[in-house]
Amino acid sequence: MKIIIVTGLSGAGKTHAMDCLEDMGYYAIDNMPPALIKNFIDMAMSGKGIDKAAFGIDVRGGILFDDFRAALEGLKQDGIDYKILYLEATDRALARRYNETRRDHPLAEGQTVGKGIRRERKKLEEIRKEADYIIDTSNLKTSQLAAEIENIVSAGEDERVFVVRVMSFGYKNGMPVSADMVFDARFIPNPYYVKSLKELTGNDSKVSSYVLKHDVAQQFMASVTRMIDALIPYYRKEGKYSLNVCFGCTGGHHRSVALANELQKRLTELGIRTTVSHRDL
């Protein structure tokens, strides 16, 4: 039986994730009391015709949420395999979403949304460390989130497949919270100061050629590619099926974009399943 547990920060898109999994044939139960997961699995495996289930669990469960860690330990002890999908976003993105919906954060307790978000991050720290997949939804549309989830799930259902998610970003807008590896591209000459390239982005062949023509950029990309290719078997051995690799430059428009695209190209040529996104474009 395939089991996915969806959790993460309130406002990060868990409801959309559950809808996506339901569309993919999963029996989806949102706001599931953690202590009841094992009971449901036992029932489903007793001939009910359910072979895929997704459980949405978050702090809305109040005191019931405190059973989460114990429930996970119980599943492990019973030899039940599951995957944790953790959704998160930047404080700014979450605050904006709450302001737009005019809803209170479940942990705000009469105070600001920001304080509720910080309390929730702290409360979920240990769960996040155990997550198999982490998606930063700060700049994802609903359709893009669905595509990410479909990509992750289809990869996870075949253990031979590992997904590397490459992202570009600008340091001036903050670090990606979902990054596993971050590479600083600011040592490469900046196309921003070339008049004919300033208004273009790293998706343009002229900017890409300018960034990659430097020997240091080629050496850098070769080293990063070799390292990731060498590390993937060890991540898989630890039960991880995805890796978030981020390239940062000052604004996130030129160098980081070009390098992210180049890494996707090189990893794809090695037969490694790879996606690319550009956070700050």
Side-chain angles (χ1 to χ4, degrees), residues 3-22 26 28-40 53-76 82-142 144-146 148-149 152 167 169 173-180 182 242 244 246 279:
I3 301 168
I4 295 179
I5 297 173
V6 179
T7 188
L9 300 175
S10 300
K14 296 187 298 298
T15 299
H16 292 308
M18 293 295 290
D19 290 343
C20 177
L21 289 168
E22 188 171 23
Y26 280 76
I29 306 176
D30 198 11
N31 204 13
M32 179 73 164
L36 297 181
I37 293 177
K38 179 62 166 53
N39 293 342
F40 180 89
F55 306 109
I57 300 175
D58 56 51
V59 297
R60 287 176 299 164
I63 194 170
L64 297 178
F65 181 80
D66 296 337
D67 297 327
F68 197 179
R69 293 297 301 279
L72 295 180
E73 288 301 319
L75 295 179
K76 291 177 183 176
Y82 61 86
K83 297 290 182 289
I84 297 177
L85 171 60
Y86 187 98
L87 302 183
E88 63 186 6
T90 63
D91 287 5
R92 181 185 299 177
L94 294 172
R96 183 184 70 246
R97 292 170 189 175
Y98 271 99
N99 288 335
E100 289 172 351
T101 60
R102 299 183 182 278
R103 298 186 64 188
D104 292 330
H105 190 282
L107 295 185
E109 299 176 355
Q111 296 181 309
T112 65
V113 169
K115 288 186 177 180
I117 293 171
R118 289 190 289 275
R119 286 177 182 145
E120 189 174 27
R121 277 195 200 280
K122 183 69 176 177
K123 193 177 183 69
L124 293 174
E125 275 182 347
E126 296 304 315
I127 297 298
R128 186 184 188 279
K129 292 177 183 177
E130 296 187 26
D132 298 279
Y133 315 110
I134 299 175
I135 300 179
D136 181 349
T137 68
S138 302
N139 295 282
L140 293 182
K141 297 179 181 177
T142 301
Q144 293 172 320
L145 175 58
E148 280 277 327
I149 292 172
I152 285 172
M167 176 190 289
F169 72 95
N173 296 317
M175 296 270 287
V177 293
S178 62
D180 295 311
V182 176
S242 65
N244 297 326
C246 299
R279 192 191 73 178

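- Between the CD1 atom of Ile117 and the CZ atom of Arg92 there is a distance of 12.0 Å, given to the nearest 0.5 Å.
- A distance of 10.5 Å separates NZ in Lys14 from CG in Leu85, rounded to the nearest 0.5 Å.
- For Pro33, the side-chain contact (heavy atoms from CB on, under 4.5 Å) test picks out Leu36, Leu64, with sequence neighbours left out.
- Across Ala35 and Ala71, no two heavy atoms sit closer than the pair N-CB, 4.5 Å.
- Legend: residues meeting salt bridge (Lys or Arg N to Asp or Glu O under 4.0 Å) with Lys141, ordered by chain and number and at least two apart, are absent.
- At least one side-chain heavy atom of Leu140 sits less than 4.5 Å from a side-chain heavy atom of Ile135.
- By the side-chain contact (heavy atoms from CB on, under 4.5 Å) test, Asn244 pairs with Ile134, Arg165, Ser178, Asp180, sequence neighbours left out.
- With rounding to the nearest 0.5 Å, the separation of OG1 in Thr15 from CG in Asp58 is 8.0 Å.
- For Phe169, the ring pair (Phe, Tyr, Trp, His ring centres under 6.0 Å) partners are Tyr171, not counting sequence neighbours.
- The line from CG of Leu124 to OH of Tyr86 is 4.0 Å long, rounded to the nearest 0.5 Å.
- Pairing each heavy atom of Phe68 with each of Pro34, the nearest pair is CA-CB, 3.7 Å.
- The shortest heavy-atom contact between Val113 and Ala95 is CG1-CA, 4.2 Å.
- Of all the heavy atoms in Val59 and Pro106, the pair that sits closest is CG2-CG, 3.8 Å.
- Side-chain contact between Tyr82 and Ile37: absent, with no pair of heavy atoms (C-beta onward) separated by less than 4.5 Å.
- Residues meeting the side-chain hydrogen bond (donor to acceptor under 3.5 Å, both in side chains) test with Lys129, sequence neighbours left out: Glu126.
- Closest approach of Ala12 and Ala89 over heavy atoms only: CB-N, 4.4 Å.
- Listed by chain and number, the residues in a side-chain hydrogen bond (donor to acceptor under 3.5 Å, both in side chains) with Thr137 are Arg97 (sequence neighbours excluded).
- Under the side-chain contact (heavy atoms from CB on, under 4.5 Å) criterion, Asp66 pairs with Ile63, Lys123, not counting sequence neighbours.
- In this structure, Met18 and Ala28 approach most closely via the heavy-atom pair CE-CB, 3.7 Å.
- Here the straight-line distance linking atom CG of Asn99 with atom CG of Leu94 works out to 11.0 Å at 0.5 Å rounding.
- Residues meeting the salt bridge (Lys or Arg N to Asp or Glu O under 4.0 Å) test with Asp30, sequence neighbours left out: Arg60.
- Sorted by first then second residue, the salt bridge (Lys or Arg N to Asp or Glu O under 4.0 Å) pairs that include residues 130-139, not counting sequence neighbours, are Arg69-Glu130, Lys76-Glu130.
- Annotation: side chain of Leu9 is not in contact with side chain of Leu87 (no heavy-atom distance under 4.5 Å).
- In this structure the side chain of Leu72 reaches within 4.5 angstrom of the side chain of Ile84, judged on heavy atoms.
- Scored by the salt bridge (Lys or Arg N to Asp or Glu O under 4.0 Å) test, Arg128 finds Glu88 as partners (sequence neighbours excluded).
- Note that CG of Asn173 is 10.0 Å distant from OG1 of Thr90, once rounded to the nearest 0.5 Å.
- The stretch residues 110-121 participates, sequence neighbours left out, in these salt bridge (Lys or Arg N to Asp or Glu O under 4.0 Å) pairs: Asp91-Arg121, Glu109-Arg119.
- Note: Phe55 and Phe40 have perpendicular aromatic rings, judged against thresholds of 30 and 60 degrees for the angle between ring planes.
- Partners of Ala146 according to the side-chain contact (heavy atoms from CB on, under 4.5 Å) rule, which considers only residues two or more places apart in sequence or in another chain, are Cys20.
- Ser138 places none of its side-chain heavy atoms less than 4.5 Å from the side chain of Arg279.
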